[in-house]
Number of protein chains: 2
Amino acid sequence: MTRKKPDASEASTERLALYTAASRAAGIRLTPQRLEIFRVLAATESHPDAEAVHRAVQRVMPTVSRDTVYRTLWRLHDMGLVATLGPSRDRVRFDTNVGPHHHLVCLGCGLVQDFVSATLDGLALPPGVSQWGRVYDTQVEARGLCLACLKAGRATRETTQEKASDER
Amino acid sequence: MTRKKPDASEASTERLALYTAASRAAGIRLTPQRLEIFRVLAATESHPDAEAVHRAVQRVMPTVSRDTVYRTLWRLHDMGLVATLGPSRDRVRFDTNVGPHHHLVCLGCGLVQDFVSATLDGLALPPGVSQWGRVYDTQVEARGLCLACLKAGRATRETTQEKASDER
DNA sequence: AGCTAGTTGCGAATGAGACGCAACAACGAA
DNA sequence: TTCGTTGTTGCGTCTCATTCGCAACTAGCT
């Protein structure tokens with residue numbers, strides 16, 4: 001399914017070039033620590049957390065601080081070059097709806113809205129998935145901006161806190 | 001899309017009954033604080049975090065502790081009566097793959113595996129979604145157990161920490 | 001080579017969530 | 001209905017991810 005092996009390292013250097021180009025374009029300075037973080041990120045095929053990136057960077061450059069890693073990660077995130085897993089940037093959120101349903105995630109305010117769709121409920125996954133393990137259910141996560149955030153001209157990250165935790 | 005208004009409160013009492021029945025069946029005591037937490041959860045249409053639930057419960061029962069809310073929430077989660085949003089229970093994880101792809105989330109070890117599927121990339125959402133706002137991209141999250149966890153007979157939650165943060 | 005604004009690293013602060021334990025209370029038994 | 005057992009509660013404490021303030025530092029333009 002993932003047919004990534006053939007071009008893993010090419011994809012890596014390509015991604016690295018993307019990071020540096022985008023940084024230069026954004027007027028962001030290319031410090032050695034940033035370059036090293038870029039290298040680590042470009043090479044990864046997994047979904048590391050900030051600590052994992054930090055550890056990997058420290059192997060080559062032992063003095064980089066945790067903070068710099070966090071800052072760089074969010075910088076790239078703001079530029080749209082890395083994403084975060086799941087809708088929330090913060091605490092765990094619960095979903096009391098256990099029936100089949102899907103999510104509309106607003107990248108502006110963090111609100112998550114349920115929606116139902118019979119056609120999306122029984123999505124067929126590619127056959128290769130069976131080699132991974134057993135899938136119990138699938139759900140679609142649609143990311144975008146809700147009307148309020150569109151109107152407010154709100155971008156993606158930042159201001160993600162106030163409404164994010166609803167229920168007063 | 002969400003056609004929930006007609007039966008919101010029915011769904012709520014129904015859900016409350018489900019919680020109490022399941023608890024009784026599991027031999028879990030129905031304390032007043034738990035019942036109140038159940039009521040709050042059964043009534044919510046959103047995706048609250050633990051703090052939000054705590055605040056809502058405290059409005060009616062000011063002495064309940066934060067801890068009891070957490071414990072009850074995870075209890076329900078273990079019974080499969082509430083879910084969490086997104087794959088991670090802990091820190092933020094990053095995804096360096098910005099191209100269209102989808103996720104296989106292992107509920108046992110927390111590992112997330114990418115997979116690609118052209119048919120899943122351009123999923124059509126129900127028309128009602130346009131009233132919510134603008135969707136920039138959709139991705140499928142398939143939840144299940146990877147081979148290793150299946151073999152280890154690992155259930156869902158718990159032991160979710162070790163492998164969850166890969167990249168060494 | 002010199003400037004200067006953007007960066008770094010550190011120590012400390014914040015805040016979610018987990019833990020240990022003693023007092024407490026469901027609820028089946030008598 | 002009372003009793004006893006055992007699961008629960010709430011508190012104080014602890015951990016650990018992530019963020020902040022700030023002084024020292026340096027990319028990159030001139």
Side-chain angles (χ1 to χ4, degrees), chain A residues 19-21 23-38 47-55 57-58 61-79 82 84-86 88-94 110 157-162 164-165 167, chain B residues 19-38 48-55 57-58 60-79 84-86 88-94 110 157-162 164-165 167:
Chain A
Y19 295 161
T20 56
S23 298
R24 233 185 286 273
I28 289 176
R29 291 186 187 166
L30 291 174
T31 66
Q33 28 278 78
R34 248 176 237 188
L35 284 173
E36 187 51 39
I37 295 169
F38 287 176
H47 305 83
D49 57 45
E51 286 305 324
V53 176
H54 187 209
R55 277 193 301 274
V57 170
Q58 282 198 314
M61 193 181 279
T63 61
V64 272
S65 72
R66 206 174 345 122
D67 242 55
T68 299
V69 172
Y70 275 107
R71 286 186 286 227
T72 303
L73 243 14
W74 288 124
R75 207 58 153 270
L76 288 174
H77 181 261
D78 290 346
M79 293 194 285
V82 306
T84 54
L85 247 39
S88 60
R89 301 207 314 84
D90 44 344
R91 31 267 171 83
V92 177
R93 312 238 312 263
F94 296 87
R157 205 164 94 70
E158 285 88 291
T159 23
T160 313
Q161 302 318 307
E162 318 92 65
S165 156
E167 197 77 17
Chain B
Y19 294 160
T20 57
S23 298
R24 232 185 286 273
I28 289 176
R29 291 186 188 166
L30 292 174
T31 66
Q33 30 276 77
R34 251 184 257 213
L35 285 172
E36 187 52 38
I37 295 169
F38 287 176
D49 56 44
E51 287 304 325
V53 175
H54 186 209
R55 277 194 301 276
V57 170
Q58 282 198 315
V60 175
M61 194 180 279
T63 61
V64 271
S65 71
R66 204 174 355 118
D67 242 56
T68 299
V69 172
Y70 276 108
R71 285 186 286 228
T72 303
L73 243 13
W74 288 124
R75 206 59 150 270
L76 288 174
H77 182 262
D78 290 345
M79 293 194 284
T84 55
L85 247 38
S88 61
R89 302 207 312 85
D90 43 345
R91 36 272 178 74
V92 177
R93 307 219 340 245
F94 296 88
R157 206 165 94 71
E158 286 86 290
T159 25
T160 313
Q161 301 319 307
E162 318 93 66
S165 157
E167 197 77 17

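Predicted, not measured: the structure shown is a model, and the values here were computed from it. Numbers restart at 1 for each chain; the letters A, B, ... are given by sequence-line order, proteins then strands.
Two residues, Tyr70(B) and Pro32(B), neighbour DNA chain C, and the one matched to the more 5' nucleotide by heavy-atom proximity is Tyr70(B).
If you take CD1 of Ile37(A) and C1' of dG9(C), they are 12 Å apart, rounded to a whole angstrom. The CZ-P distance, from Arg93(B) to dT18(D), rounds to 11 Å in whole Å. With rounding to whole Å, Glu36(B) atom CD is found 17 Å from dT8(D) atom C1'. When the P atom of dT8(D) is taken as reference, atom CG of Leu73(B) falls 15 Å away, rounded to whole Å. The separation between Glu51(B) atom CD and dT14(C) atom P is 17 Å, rounded to whole Å. We find that CE of Met61(A) is positioned 9 Å from P of dG9(C), with the value rounded to whole Å.
Side-chain atoms of His54(A) never come within 3.5 Å of backbone atoms of Tyr70(A) as a donor-acceptor pair (strictly under, hydrogens ignored). The main-chain N or O of Leu85(B) is never found under 3.5 Å from a side-chain atom of Arg93(A) such that the two would form a donor-acceptor pair.
Using a 4.0 Å cut-off, some side-chain N or O of Gln33(A) falls inside it from OP1 or OP2 of dG9(C). Phosphate proximity of dA18(C) to Trp74(B): present, with a side-chain N or O under 4.0 Å from OP1 or OP2. Between Arg34(B) and dT8(D), a side-chain N or O to OP1/OP2 separation shorter than 4.0 Å is present. For the pair Arg91(A) and dA17(D), the criterion of a side-chain N or O lying under 4.0 Å from OP1 or OP2 is not met.
Here Ala21(B) pairs with nothing under the side chain to side chain contact (heavy atoms under 4.5 Å, CB included) rule; sequence neighbours left out. By the side-chain hydrogen bond (donor to acceptor under 3.5 Å, both in side chains) test, Ser65(B) pairs with Thr68(B), sequence neighbours left out. Shown here are the side-chain hydrogen bond (donor to acceptor under 3.5 Å, both in side chains) partners of Arg71(B), two or more places apart in sequence or in another chain: Asp67(B). Applying the side-chain hydrogen bond (donor to acceptor under 3.5 Å, both in side chains) rule to Gln33(B) yields no partners; only residues at least two apart in sequence or on another chain are considered.
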Set out, line by line, the N/O atom pairs under 3.5 Å between protein and nucleotides 28-30 of chain D.
residue: dG28(D); atom: OP1; partner: Leu30(A); partner atom: N; Å: 3.0

Write out a two-atom table: protein N or O, nucleotide N or O from nucleotides 10-12 of chain C, distance below 3.5 Å.
residue: dC10(C); atom: N4; partner: Asp67(A); partner atom: OD2; Å: 3.4

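The shortest heavy-atom contact between Glu36(A) and Val57(A) is CG-CG1, 3.8 Å. The shortest heavy-atom contact between Met61(A) and Pro32(A) is CE-O, 3.6 Å. Shown here for Val64(A) and Gln58(A), the closest heavy-atom pair between the two residues is O-NE2, 3.4 Å.
Five base pairs at each end of the helix from dA1(C)-dT30(D) to dA30(C)-dT1(D) define two local axes, and these are offset by 30° (rounded to 10°).
One finds the CD1 atom of Ile28(A) at 9.0 Å from the OG1 atom of Thr72(A) (value rounded to the nearest 0.5 Å). With values rounded to the nearest 0.5 angstrom, Leu30(B) atom CG is found 14.0 Å from Tyr19(B) atom OH.
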